[in-house]
Peer 1: 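Input: one structure, supplied below.
All heavy atoms count here, side chains included; hydrogens, waters and symmetry mates do not. Just so we're on the same page: letters track the sequence lines, and every chain starts at 1. Note that the structure is a prediction, hence the values are computed from the model and not measured.
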Number of protein chains: 4
Amino acid sequence: MSEPVEQWVKELLQSYDEEGKMTEKQLRILNAAIEVFAEKGFAASSTSEIAQRAAVAEGTIFRHYKTKKELLLSIVAPMMSKLIAPFVLRDFSKVLDAKYARYEDFMRAVLINRAEFARNHLPVIKIMLQEIPFHPELKEQFVERVGKKVLERIVPVIRKFQDEGQIVPIPPESVLRLSASAILGFLLMRFVMLPEREWDDAKEIDTTLDFILYGLSASGRPPVA
Amino acid sequence: MSEPVEQWVKELLQSYDEEGKMTEKQLRILNAAIEVFAEKGFAASSTSEIAQRAAVAEGTIFRHYKTKKELLLSIVAPMMSKLIAPFVLRDFSKVLDAKYARYEDFMRAVLINRAEFARNHLPVIKIMLQEIPFHPELKEQFVERVGKKVLERIVPVIRKFQDEGQIVPIPPESVLRLSASAILGFLLMRFVMLPEREWDDAKEIDTTLDFILYGLSASGRPPVA
Amino acid sequence: MSEPVEQWVKELLQSYDEEGKMTEKQLRILNAAIEVFAEKGFAASSTSEIAQRAAVAEGTIFRHYKTKKELLLSIVAPMMSKLIAPFVLRDFSKVLDAKYARYEDFMRAVLINRAEFARNHLPVIKIMLQEIPFHPELKEQFVERVGKKVLERIVPVIRKFQDEGQIVPIPPESVLRLSASAILGFLLMRFVMLPEREWDDAKEIDTTLDFILYGLSASGRPPVA
Amino acid sequence: MSEPVEQWVKELLQSYDEEGKMTEKQLRILNAAIEVFAEKGFAASSTSEIAQRAAVAEGTIFRHYKTKKELLLSIVAPMMSKLIAPFVLRDFSKVLDAKYARYEDFMRAVLINRAEFARNHLPVIKIMLQEIPFHPELKEQFVERVGKKVLERIVPVIRKFQDEGQIVPIPPESVLRLSASAILGFLLMRFVMLPEREWDDAKEIDTTLDFILYGLSASGRPPVA
DNA sequence: AATGAATGAGTTTTCATTCAT
DNA sequence: TATGAATGAAAACTCATTCAT
């Protein structure tokens, strides 16, 4: 049932894969930087270590990125666009209208897709979340390019389901926040806090999604909180 | 209904308020460090700025804390103990047994209390969450002294409610994770991402708790997930 | 005849000798910086060489001066004040009125004094002249604090002598420029271009002053320029 | 009256205009280098900025000039030859003999011509004067190829006028120095220190030349200084 | 001839930590 | 106990120069 969403998203992501323009060394720098930033945090990472891991001279980094911060931004900023890829599809709600009668099916499809995406880009996501609080321009970008963009597309959908009585009548922002928290909370535990523990990923994701879906479900809820 | 919990917690916290032993300068250093670490992150904070804000000489910091990292630990470690204060009460489950027949009441009482606590110690919580990923010893402490301790106390309670059919039969760790994620997600939005927005805190906390409670509620759930 | 001028100037200069406030290391840094800047020019001087010559750690320089440029300014700016010391004496023109009936005597006294001063502070003067063209703030300081201040005091004197028919009726700015050029030209030749040549300083200074004085003298000049 | 001098100078300069041998890119590099060196000084100029302004690749500069310093020399050295052009005319003194009975007329002709020349090549002159103190080989070249050459030609002329009692019996080197100082002093003020002020160039040049001429004039001077 | 990516030695600057007072 | 000057190792960044294309 969730196939179609995954399908357009895959196509979409490919169109974002513009790294073909980079030289091989630049790619190596980028990967090394992601590694080191994710491992030690931006401020505690040294360009000399990045250079070493990328097997280039330190000067080479500064030929491609004027400052260490620019290197950070060049990693984090594109991630924001990619993160919201499915939501900015031109026919986002149209497609949904046709295919997902139930909020649950829709949510499940999207969340599975985004959870999968986050999983695949974990180091960059980690860097992004770690650094947003310390770089106002990142925060602003995130609010503008992720928060607002996603809300803009998803609010009507949430409203529709709220009107149909499928999900609780709370502000759509809250719906988004609660959903994202649960997913990020899982990823954090799974990959940052306790990566060494054995995990049954499929089951955990199911549990998490159920939590979200029942947490937002309007059915079985007392008339007034 | 939640008064009793708050009451023991207050007493408990006072017993942890051991800052009385510190000199006034040491306290100023601690506060300045919390301020700066929360603002810029540990790695990007300089001891000289901390000294300046604390209005002490640079050397004075190192008289009280051998290294910058020790200063960090002296801030973060006690927070862990405080964070789990209510759970380590000797008669935790006993008290609960007596007072909270319904899972919901219990959860609400504890969550409100912890959310309030987190709110009041936001900078330190922020530092803790930011730095855990980069300091193995902090991570270990957190797992051992927070995660395990809380689980150890709360698992029996969760189990009880699960046996009674009040909450879904998922691993207690997951219950904890999902609850904590929702709360932290709120705090993050509220105080880090969008602090400038106007918030109706009481309502948001209610929404968040409802989300957790319904998300975990076993009632109204289809027989099999 | 020129004694009185030299006398107040000496006193004055002593009052400017505020270097007593500096630590010994700071003084060593300053002297080393003057040496190196004068030798190689500001841009071609490295802080590491300055540190070496001052026999301090490189970090020590930056404890006293936030940047290399601040170090430059701390050398050049005070020189400007000292350069114009005799002109800003409170009773500058009063004293002159009393003591110097003839323009020539006055000029000679001042010029000898300033030439002597410049000689004694040659490296700093050299740095100042070298760097002014490349640092707008230095240029502005020079114009405001040297050019204008000196003009302000000396214009009335020049005017007086012009009214008395002792010096040619050209703009006082030009009088100043022509006088300063001749002196600086001598110093440049004497200490920068051909320091290895044997010089009869007293005679050269005499020649230079005569040149200035006759060049500006109104007598023997055709009625109209 | 000054036409003849200007005439031979023009011819002379054309013979020096050997830039025809350069490729267009080389010329662009040269111009860019002059611009940047004059603006920031040699040591503070980067070859990459020069390349950018010349719209060539960084490597191209080093194809034409082995080092950055060679580029400097290729700019400054020819200027020295050009600077003394009128003096090295084969029939310098012969022509003068015939045409300029009075020292004043001669001096005025030459000075006007050189002042005009300096004005037209100000950036290079500026670079030359700025860099001579820091590059021994430039200094030597200047002394040998400018100082000595000019002296060699002009000393007999000056001597002649001194013998005729037209100019003061001071060392010819001093005559040259004093004259050059006054002119350079004017150019410095006019183009470096206060270029934004409104200047009546013709008048200033007149004033400056009068200053030189009267300053050197023997007439009206007391028998012995 | 021309390019421009790459280099690595060198630059300015920062900063945790020490220590004499 | 407190200070703050001093340190030196390491950081970010610059730049003249080289070289494969």
Peer 1: Are D/Ser48 and F/dC15 close enough that a side-chain N or O sits under 4.0 Å from OP1 or OP2?
Peer 2: no

Peer 1: Would you mind reading off the distance between A/Gln52 atom CD and E/dT7 atom C1', rounded to a whole angstrom?
Peer 2: 15 Å

Peer 1: If I take atom CG from residue D/Leu129 and atom NZ from residue D/Lys126, how far apart are they, to the nearest 0.5 angstrom?
Peer 2: 10.5 Å

Peer 1: Of B/Arg63 and A/Glu24, whose nearest nucleotide on DNA chain E comes first from the 5' end?
Peer 2: A/Glu24

Peer 1: D/Ser46 near the nucleic acid: base, sugar-phosphate alone, or nothing, with a heavy-atom cut-off under 4.0 Å?
Peer 2: sugar-phosphate

Peer 1: Nearest of E/dT17, F/dA2, F/dA11 to any side-chain atom of B/Glu58?
Peer 2: E/dT17

Peer 1: Can you confirm whether the side chains of B/His64 and B/Lys25 place a donor and an acceptor under 3.5 Å from each other?
Peer 2: no

Peer 1: Starting at the 5' end of DNA chain F and moving along, which residue's nearest nucleotide shows up first, C/Gln26 or A/Lys68?
Peer 2: C/Gln26

Peer 1: Rounded to the nearest Å, what distance is computed from the OH atom of residue C/Tyr65 to the C1' atom of nucleotide F/dA6?
Peer 2: 15 Å

Peer 1: Hey, which of these two, C/Lys25 or B/Ala57, hits DNA chain F nearer its 5' end, going by closest nucleotide?
Peer 2: B/Ala57

Peer 1: To the nearest angstrom, how far is C/Glu70 atom CD from E/dT14 atom P?
Peer 2: 11 Å

Peer 1: So, is the end of the A/Lys40 side chain (NZ or CZ) under 6.0 Å from the ring centre of B/Phe134 and within 45° of the ring's axis?
Peer 2: no

Peer 1: May I ask you to evaluate whether B/Thr47 reaches the phosphate of E/dC15, defined as a side-chain N or O under 4.0 Å from OP1 or OP2?
Peer 2: no

Peer 1: Measure CG/C/Leu27 against C1'/F/dA5 and give the value in whole Å, please.
Peer 2: 15 Å

Peer 1: Is there a Watson-Crick or G-U wobble partner for F/dA9 with both distances under 3.5 Å, and which nucleotide is it?
Peer 2: E/dT14

Peer 1: Whole Å only: how far is the NZ atom of B/Lys69 from the C1' atom of E/dC15?
Peer 2: 17 Å

Peer 1: Closest approach of A/Arg145 and A/Ser81, non-hydrogen atoms and distance?
Peer 2: NH2-OG, 2.9 Å

Peer 1: Looking at E/dA1, I'd like to know if its phosphate oxygens (OP1 or OP2) sit under 4.0 Å from a side-chain N or O belonging to D/His64.
Peer 2: no

Peer 1: Can you tell me the distance, in whole Å, between the CD1 atom of A/Ile29 and the P atom of F/dC13?
Peer 2: 14 Å

Peer 1: What's the CD1-P distance between D/Ile61 and E/dA2, to the nearest Å?
Peer 2: 12 Å

Peer 1: May I have the distance from C/Lys40 (atom NZ) to E/dT11 (atom P), rounded to whole angstrom?
Peer 2: 9 Å

Peer 1: Let's test this: given Watson-Crick or G-U wobble pairing with both distances under 3.5 Å, identify the partner of F/dA20.
Peer 2: E/dT3

Peer 1: Got more than 12 heavy atoms from elsewhere within 6.0 Å of CD, D/Glu70?
Peer 2: yes

Peer 1: Does A/Gly59 or C/Thr60 map to a spot on DNA chain E nearer the 5' end, using the closest nucleotide for each?
Peer 2: A/Gly59

